[in-house]
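Heads up, the thing below is written out as structure tokens.
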Amino acid sequence: MTTSKRVQDRSKKKRVHDLEIVTERWKIFSKIHHLMEVIKSEPEHVISIRYLEQERRQINLPKPHKLSDFLRKSPKLFDLYKDRKGTLWVGMTPEAEDLLEEEEREIEAHSDKLAEYVTRILMMSIDKRIRVDKIAHFRRDFGLPFDFRNNWVHNYPNLFRLVKAEADDGGVDHEFLELANWKNEWAITELEKRGKKFSGDELNLHSPGKLSLAFPMKFPPNFKKLFRFGGTLEHFQKREYLSPYADARGLAAGSQEFDKRAVAVMHELLSFTLEKRLVTDHLTHFRRELVMPQKLMRLLLKHFGIFYVSERGKRFHVFLNEAYNGPELIEKCPLVLWKEKVMNLIGYRGKKKKAASFDEFSDIEDENLFKSDSDDERLQINLEQESTLDGLDDDVLANEAEMDIEEVSSAYKDA
């Protein structure tokens, strides 16, 4: 077993290149989408490059690369022009404007389902309320509207309400989203729904408790050696655990039931997202509210048949394995299909229609989007050099030792 303490240093045999490609695509799209939202927020949907420079850190664009060069790489989305004083401005093409209008329609159509998911997260939380700024981390992952803090949160008073609480440190008061009404029919996990069809009476009378459902698992071919250690996975899958919607205050941290419930919570959260994927450091902000282990990353790595942690850059992404066939989502909601439309209009030089491998995608896509037309120099770019780990504790990463097949297998065994 290697002595490495970093997720990035895991054996290449444990990497799923198809899902690493998905992460690369997300990184590119997120930069473009953020800039589109900023331009859209301007009164006339135009902004000077000088003011747009303020977003450089947000999109992780390192100097000396020019923001104007980055925008010119997507001429089907952005229009650049100079005024009489020589000031460079950027706006969006009619096609990009139409796409943003389409996004608004899709978000509106998705609103009721999203309200259900937000309510169910509140139902899973220990105090039945969560700070709004924490929910904001998931805005794009869940499809929340741009102005959800000011407007959307008030649209469902029968489900949740906005409340303020004094900060413990005497600073600015915090805003919380608080559960208004418990709904029995929503206290049923996505796994339960797959295994059984509930009648109307069963939904209304349902009370969350112990579950013994098996989690779908998917291993790449090079993980087949795991099954030589027979019985360990079966023992884990058959072990009872507490529903994510049941009160978990009495669970002992570190116990097998505690950890399996945490797996269930993660499975449920990922099931709610548009792409069955989340940034892991965002999840660390919910440890207390959702009663999850301090070393959440290690739990995700251990259960690599259920989850996959992408190691690209400093911000790790966790995927729900069962939701993907290669690099493609098996079920795509309208907002995911909309995102693919935008992706098809990003970049124009040297872009391959299909990347044969994760390495090709990483080298070609990002380099061409940032390389300057005016400079001949070849620049090496680290797209994540300004990224931070936000809430990901140093001690978590310090203890993420790679686990070989025998170690992972033994981690499933009964104590």
Side-chain angles (χ1 to χ4, degrees), residues 30 33-34 37-38 40-43 54-55 57-58 103-104 107-108 110-187 208 243-251 253 262 265-266 268-270 272-274 278-294 296 315 388-393:
S30 66
H33 191 216
H34 176 76
E37 287 188 330
V38 171
K40 177 186 174 182
S41 67
E42 294 296 310
Q54 298 174 13
E55 307 301 322
R57 182 174 179 82
Q58 184 68 27
E103 182 189 24
E104 286 185 358
I107 287 176
E108 178 64 28
H110 181 64
S111 185
D112 289 349
K113 192 64 177 178
L114 178 60
E116 175 190 332
Y117 290 155
V118 171
T119 302
R120 290 170 70 179
I121 294 173
L122 295 174
M123 289 167 61
M124 285 192 286
S125 66
I126 194 167
D127 296 322
K128 306 300 178 276
R129 68 175 191 172
I130 295 176
R131 275 174 51 177
V132 174
D133 58 350
K134 291 188 177 184
I135 297 175
H137 289 308
F138 293 158
R139 183 174 74 82
R140 291 186 175 90
D141 300 307
F142 282 78
L144 283 161
F146 185 76
D147 62 345
F148 88 98
R149 296 194 202 203
N150 298 324
N151 297 315
W152 186 85
V153 292
H154 301 291
N155 292 340
Y156 298 89
N158 60 316
L159 298 178
F160 41 74
R161 53 180 168 259
L162 199 64
V163 297
K164 288 188 177 182
E166 292 184 4
D168 296 334
D169 56 5
V172 179
D173 291 348
H174 297 305
E175 287 188 325
F176 288 82
L177 205 57
E178 186 176 76
L179 183 68
N181 286 298
W182 177 277
K183 298 178 76 69
N184 286 334
E185 63 270 29
W186 287 353
S243 167
Y245 298 99
D247 191 337
R249 285 183 174 88
L251 291 181
V265 170
M266 278 300 310
E268 192 78 344
L269 276 178
L270 287 166
F272 295 164
T273 62
L274 300 176
L278 283 172
V279 177
T280 56
D281 48 313
H282 290 169
L283 290 167
T284 62
H285 299 306
F286 292 86
R287 288 189 185 120
R288 192 196 69 82
E289 288 90 341
L290 299 180
V291 193
M292 291 196 290
Q294 185 74 12
L296 181 60
R315 308 191 76 181
T388 62
L389 289 171
D390 293 343
L392 193 59
D393 297 339

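All heavy atoms count here, side chains included; hydrogens, waters and symmetry mates do not. In this text, all values refer to a predicted model and were calculated from it rather than measured experimentally.
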(message) Checking H110 now: which residues fulfil ring-ring contact (aromatic ring centres under 6.0 Å, His included) with it, not counting sequence neighbours?
(response) none

(message) Looking at every heavy atom in both V265 and P244, which two are closest together, and how far apart are they?
(response) CG2-CB, 3.8 Å

(request) Taking the side chain as every heavy atom from C-beta outward, state whether F286 and L296 have any atom pair closer than 4.5 Å. (result) no

(request) Could you list the residues that satisfy side chain to side chain contact (heavy atoms under 4.5 Å, CB included) with A246, not counting sequence neighbours? (result) P208, L242, S243

(request) Output all residues satisfying side chain to side chain contact (heavy atoms under 4.5 Å, CB included) with A180, sequence neighbours left out; order by chain, then residue number. (result) R161

(request) Of all the heavy-atom pairs spanning L114 and P145, show the shortest one and how long it is. (result) CD2-CD, 4.4 Å

(request) In sequence, state the C-alpha distance, the side-chain angles, and the governing distance for L179 and F160, and then conclude on side chain to side chain contact (heavy atoms under 4.5 Å, CB included). (result) CA-CA 4 Å; L179 183 68; F160 41 74; 5.7 Å; no

(message) Could you check whether any side-chain heavy atom of L269 comes within less than 4.5 Å of a side-chain heavy atom of M124, counting everything from C-beta outward?
(response) yes

(request) For the residue pair W182 and N184, confirm or rule out a side-chain donor-acceptor distance under 3.5 Å. (result) yes

(request) Could you tell me which residues satisfy side chain to side chain donor-acceptor pair (under 3.5 Å) with N150, sequence neighbours excluded, listed by chain and number? (result) none

(message) I want to check something: taking the side chain as every heavy atom from C-beta on, are I130 and L122 in contact at a cut-off of under 4.5 Å?
(response) yes

(request) Grab the two heavy atoms, one from L159 and one from A115, that are nearest each other, plus how far apart they are. (result) CD1-CB, 3.9 Å

(request) Output all residues satisfying side chain to side chain donor-acceptor pair (under 3.5 Å) with E108, sequence neighbours left out; order by chain, then residue number. (result) none

(request) Decide yes or no for F146 and E37: does some side-chain heavy atom of the first lie under 4.5 Å from some side-chain heavy atom of the second? (result) yes

(message) Restricting to ring-ring contact (aromatic ring centres under 6.0 Å, His included), what partner residues turn up for F148, sequence neighbours left out?
(response) none

(request) Could you pull out all residues at least two apart from D127 that satisfy side chain to side chain contact (heavy atoms under 4.5 Å, CB included)? (result) R129, R249, R288

(message) Applying side chain to side chain contact (heavy atoms under 4.5 Å, CB included), can you list everything that pairs with R131, at least two apart in sequence or on another chain?
(response) D133, K134, H174, F176

(request) Check the pair F142 / L274 against side chain to side chain contact (heavy atoms under 4.5 Å, CB included), numbers first and verdict last. (result) CA-CA 6 Å; F142 282 78; L274 300 176; 5.8 Å; no

(message) Please determine whether salt bridge (Lys or Arg N to Asp or Glu O under 4.0 Å) holds for the pair E103 and K40, giving the CA-CA distance in whole Å, both sets of side-chain angles, and the decisive distance to 0.1 Å.
(response) CA-CA 12 Å; E103 182 189 24; K40 177 186 174 182; 5.2 Å; no

(message) For a quick test of reading the model, state the closest non-hydrogen atom pair linking R149 to A136 and the distance between them.
(response) NH2-CB, 3.2 Å

(request) Could you check if a side-chain atom of S125 sits within less than 4.5 angstrom of a side-chain atom of L290, using non-hydrogen atoms only? (result) yes

(message) If the condition is side chain to side chain donor-acceptor pair (under 3.5 Å), which residues does T273 pass it with, not counting sequence neighbours?
(response) none

(message) Once ring-ring contact (aromatic ring centres under 6.0 Å, His included) is applied, do any residues pair with Y245, and if so which ones, sequence neighbours excluded?
(response) none

(message) With a 4.5 Å cut-off on side-chain heavy atoms, are M292 and M266 touching?
(response) yes

(message) Strictly below 4.0 Å, N to O, side chains only: are K183 and E116 in salt-bridge contact?
(response) no

(request) Kindly write out the residues that satisfy salt bridge (charged side-chain N to carboxylate O under 4.0 Å, His left out) with K128, not counting sequence neighbours, or none if the list is empty. (result) none

(request) Hey, could you give me the CD1/CD distance between I135 and E175, rounded to the nearest 0.5 Å? (result) 11.0 Å

(message) Which residue in the set W152, F138, F272 passes side chain to side chain contact (heavy atoms under 4.5 Å, CB included) when paired with V118?
(response) W152

(message) According to side chain to side chain donor-acceptor pair (under 3.5 Å), who are the partners of N158, at least two apart in sequence or on a separate chain?
(response) none

